[in-house]
Amino acid sequence: VHEFIDVTTRSGHLALQLEEVVVAAGSALDGGCVEGNRLDGLLDVIIVAIKAEGAPMHFNPGRATVSAGDTLVMLGARSELDRAERMAKA
């Protein structure tokens, strides 16, 4: 596991990063469906976990609906994570 994180997040390798994004009410991600660790095919990121307000973190969500206030833990390229952050706010 440590080797995977090292290889995927270290500069000069795959250039993947982990990021947390909070979903705003009415945003493009609010009400979205996670299936197979992807979000409605909208983003090229892996949803590692979802943390709903006041609930424990749900790792490897598989199938879940994203709601306002949820925190998404994602793995992906910086450009896609930035896009996810914009979509979570809009």
Side-chain angles (χ1 to χ4, degrees):
V1 172
H2 294 291
E3 184 178 350
F4 171 78
I5 298 295
D6 241 9
V7 168
T8 58
T9 60
R10 191 174 334 144
S11 180
H13 284 84
L14 299 177
L16 299 178
Q17 298 178 358
L18 279 169
E19 177 98 11
E20 287 186 352
V21 173
V22 178
V23 178
S27 72
L29 302 184
D30 186 10
C33 180
V34 174
E35 187 163 337
N37 293 13
R38 301 287 179 178
L39 184 60
D40 289 336
L42 295 172
L43 298 164
D44 190 18
V45 298
I46 296 170
I47 308 295
V48 177
I50 299 174
K51 180 164 184 349
E53 289 184 276
M57 194 164 295
H58 179 156
F59 291 97
N60 193 23
R63 275 199 154 154
T65 300
V66 176
S67 301
D70 286 355
T71 299
L72 304 180
V73 180
M74 300 176 288
L75 178 69
R78 179 80 260 153
S79 60
E80 283 297 301
L81 295 172
D82 289 343
R83 194 161 82 86
E85 189 169 4
R86 288 191 302 272
M87 291 176 72
K89 292 179 181 178

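In this view, Glu20 satisfies the side-chain hydrogen bond (donor to acceptor under 3.5 Å, both in side chains) rule with no residue, not counting sequence neighbours.
Connection of Leu16 to Ile47 is not established within any shared hydrophobic cluster, with ILVMFWY side chains joined at heavy-atom distances below 4.5 Å, either directly or through further cluster members. Leu18 is not connected to Val45 by any chain of hydrophobic side-chain contacts under 4.5 Å among Ile, Leu, Val, Met, Phe, Trp and Tyr, and they are in different clusters.
Of all heavy-atom pairs spanning Val21 and Ala88, the tightest one is CG1-CB, 3.2 Å. Arg38 and Leu43 get closest at one heavy-atom pair: NH1-O, 4.4 Å.
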Using atom types as modelled, flag every donor-acceptor pair under 3.5 Å from a side chain in residues 52-63 to any protein atom, sequence neighbours excluded.
| from | atom 1 | to | atom 2 | distance (Å) |
| --- | --- | --- | --- | --- |
| Asn60 | OD1 | Asn37 | ND2 | 3.0 |
| Arg63 | NH2 | Glu35 | OE1 | 3.4 |
| Arg63 | NH2 | Glu35 | OE2 | 3.0 |

Below 3.5 Å, can you tabulate the donor-acceptor pairs from side chains in residues 65-78 to any protein atom, sequence neighbours excluded?
| from | atom 1 | to | atom 2 | distance (Å) |
| --- | --- | --- | --- | --- |
| Asp70 | OD2 | Ser67 | N | 2.8 |
| Arg78 | NE | Asp82 | OD1 | 3.0 |
| Arg78 | NH1 | Gln17 | OE1 | 2.5 |
| Arg78 | NH1 | Glu19 | OE1 | 3.2 |
| Arg78 | NH2 | Glu19 | OE1 | 2.9 |
| Arg78 | NH2 | Asp82 | OD1 | 3.0 |

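In this structure, the side chain of Glu80 engages the main chain of Asp44 through a donor-acceptor pair within 3.5 Å.
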